[in-house]
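Proteins get letters first, then strands, A, B, ... in listed order; numbering begins at 1 in each. Only heavy atoms go into these numbers, but all of them, side chains included; no hydrogens, no water, no symmetry mates.
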There are 2 protein chains.
Amino acid sequence: MDAEAIKRSLGGSGLRCTPQRYAVMAFLMEHNSHPTAAQIFEAVNRVDPRSSRATTYNNLRDLVQAGLVREVAVEGRAARFDAKGMRHHHFICDRCGNVEDIEWYDVPRPASRSLGKRMLRECELIFRGLCTKCALRDTLPVKCRRHVGTR
Amino acid sequence: MDAEAIKRSLGGSGLRCTPQRYAVMAFLMEHNSHPTAAQIFEAVNRVDPRSSRATTYNNLRDLVQAGLVREVAVEGRAARFDAKGMRHHHFICDRCGNVEDIEWYDVPRPASRSLGKRMLRECELIFRGLCTKCALRDTLPVKCRRHVGTR
DNA sequence: TGAAGAATTTAGATTCTATCTAATGTGACA
DNA sequence: TGTCACATTAGATAGAATCTAAATTCTTCA
Ligand SMILES: [Mn+2]
Ligand SMILES: [Mn+2]
Ligand SMILES: [Zn+2]
Ligand SMILES: [Zn+2]
């Protein structure tokens with residue numbers, strides 16, 4: 001949304017604000033759908049200037065390294081990305097694979113005994129189950145369920 | 001370790017105890033290193049009987065579906081697997097990528113308000129930071145650090 | 001200014017990971 | 001013993017990410 005804020009955060013991380021990099025960052029800030037690299041590539045190329053696939057991957061890597069973007073570890077195939085705005089947890093749907101934000105709350109750290117000499121940087125909490133849409137679909141009368149089980 | 005126990009758990013899940021499937025399960029129970037499918041394939045093929053790559057993947061998929069094996073959500077490229085023994089959390093090293101087990105403790109559920117109509121099945125807690133080896137390496141005197149930063 | 005040099009982008013090739021296909025093998029059970 | 005669902009197999013294919021080497025853009029500073 002705020003173009004100046006994006007420029008500042010890129011500059012503050014030692015990254016030039018190129019049109020391609022800006023487009024990736026802006027797209028992630030405008031959408032909370034946790035898109036894949038391929039989806040981001042397609043979306044930013046619906047408007048000028050065009051960006052190559054390699055550049056999209058390069059920029060996502062740089063933004064993650066700079067701490068501006070998070071790569072959501074999801075067991076599916078393609079990585080999904082997320083602009084690091086407000087802290088939050090994630091809910092991943094068993095059935096449709098959607099990744100949804102869950103309001104953040106503090107997670108108790110492990111006992112220092114079980115942590116040993118490791119240096120803890122962050123705790124990530126991932127919830128799994130059925131998203132609202134899939135949960136409702138499961139409770140529908142049988143005659144209304146079609147194509148269940150077809151992936 | 002206990003061959004009979006493995007046979008029982010496979011049978012109990014409706015899976016035949018084939019030599020290939022047994023080898024995958026036994027390897028995962030003997031190693032807590034969270035190997036990739038490629039590593040498992042290579043390991044079980046160092047001994048007879050041989051198993052094809054497709055079978056290794058098929059069996060890993062079946063074992064995960066049966067709930068005997070867990071696929072660890074890790075940001076890297078290849079999925080990593082884990083025999084579901086005692087419940088535990090995971091620690092992933094920022095530097096070397098190793099996945100280590102952390103003693104399990106209860107995780108507070110999100111407020112039902114923020115969960116909405118979603119059906120929660122499980123909470124997965126992932127810690128990130130530096131593993132013991134990498135943390136120690138970082139605190140060594142500079143003259144002893146070699147090859148730092150070479151991937 | 002305007003080189004020089006560093007950072008970035010690019011198309012396409014390549015590598016890596018996982019799944020699919022269709023043929024073959026195997027074993028539990030009648 | 002015959003049957004049939006379950007399993008395995010090699011190789012093809014698909015999908016995701018990275019690499020390469022050349023071109024382009026930006027920053028610096030003489
Ligand atoms: Mn998110
Ligand atoms: Mn584990
Ligand atoms: Zn869903
Ligand atoms: Zn480490």
Side-chain angles (χ1 to χ4, degrees), chain A residues 6-7 10-25 27 34-45 47-66 68-81 97 99 150-151, chain B residues 6-8 10-27 34-45 47-66 68-81 97 99 150-151:
Chain A
I6 294 182
K7 283 184 193 168
L10 288 177
S13 301
L15 296 173
R16 284 187 197 160
C17 182
T18 66
Q20 294 88 348
R21 188 170 284 154
Y22 178 92
V24 169
M25 194 66 208
F27 182 79
H34 309 88
T36 65
Q39 289 168 333
I40 296 168
F41 169 69
E42 199 216 3
V44 304
N45 273 311
V47 296
D48 277 331
R50 312 201 86 75
S51 179
S52 75
R53 175 171 44 252
T55 295
T56 304
Y57 278 99
N58 286 343
N59 282 330
L60 283 169
R61 192 229 305 117
D62 295 343
L63 292 169
V64 168
Q65 269 183 4
L68 300 174
V69 165
R70 162 159 66 162
E71 178 180 337
V72 183
V74 51
E75 63 214 333
R77 281 271 235 52
R80 304 182 64 163
F81 297 89
V99 179
T150 65
R151 304 199 188 175
Chain B
I6 294 182
K7 282 184 193 169
R8 269 197 310 275
L10 288 178
S13 302
L15 297 173
R16 279 191 200 157
C17 183
T18 66
Q20 294 87 349
R21 189 170 284 156
Y22 177 92
V24 169
M25 193 66 207
F27 181 79
H34 310 89
T36 65
Q39 289 169 333
I40 296 168
F41 169 70
E42 199 216 3
V44 304
N45 274 310
V47 297
D48 277 332
R50 313 203 85 74
S51 178
S52 76
R53 176 172 36 252
T55 296
T56 304
Y57 277 99
N58 287 344
N59 282 330
L60 283 169
R61 191 229 304 117
D62 296 342
L63 292 169
V64 167
Q65 269 183 5
L68 299 174
V69 165
R70 160 158 68 162
E71 179 180 335
V72 183
V74 50
E75 63 213 333
R77 197 85 168 295
R80 304 181 64 161
F81 297 89
V99 180
T150 66
R151 306 193 192 177

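Of all nucleotides in DNA chain C having an atom under 4.0 Å from a heavy atom of chain B, the first and last in 5' to 3' order are C:dT15 to C:dT26.
Between the P atom of D:dA16 and the CZ atom of A:Arg80 lies a distance of 12 Å, rounded to the nearest Å. The OH-C1' distance, from A:Tyr57 to D:dT20, rounds to 17 Å in whole Å.
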Quick tally for nucleotides 2-10 of chain D: nucleotides whose base has a protein heavy atom under 4.0 Å get B, sugar-phosphate-only ones S, the rest -, giving ---BBSSBB
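Applying the side chain to side chain donor-acceptor pair (under 3.5 Å) criterion to B:Arg77, with sequence neighbours excluded, gives no partner residue. By the side-chain contact (heavy atoms from CB on, under 4.5 Å) test, A:Phe41 pairs with A:Asn45, A:Arg53, A:Thr56, sequence neighbours left out. Residues passing the salt bridge (Lys or Arg N to Asp or Glu O under 4.0 Å) test with B:Arg80: none are found, sequence neighbours excluded. Take B:Arg21 and apply the salt bridge (Lys or Arg N to Asp or Glu O under 4.0 Å) test, not counting sequence neighbours, and it matches B:Asp62. In this structure B:Glu42 satisfies the salt bridge (Lys or Arg N to Asp or Glu O under 4.0 Å) test together with B:Arg46, sequence neighbours excluded. Among residues two or more places apart in sequence or in another chain, the side chain to side chain donor-acceptor pair (under 3.5 Å) test is passed with A:Thr55 by A:Ser52.
A salt bridge (Lys or Arg N to Asp or Glu O under 4.0 Å) check over residues 10-20 of chain A, counting only residues at least two apart or in different chains, returns nothing.
Nucleic acid contact class of B:Ala79 (heavy atoms, under 4.0 Å, all strands): sugar-phosphate only.
Under the side-chain contact (heavy atoms from CB on, under 4.5 Å) test applied with A:Phe81, the options A:Val64, A:Val24, A:Leu63, A:Thr36 reduce to a single match, A:Val64.
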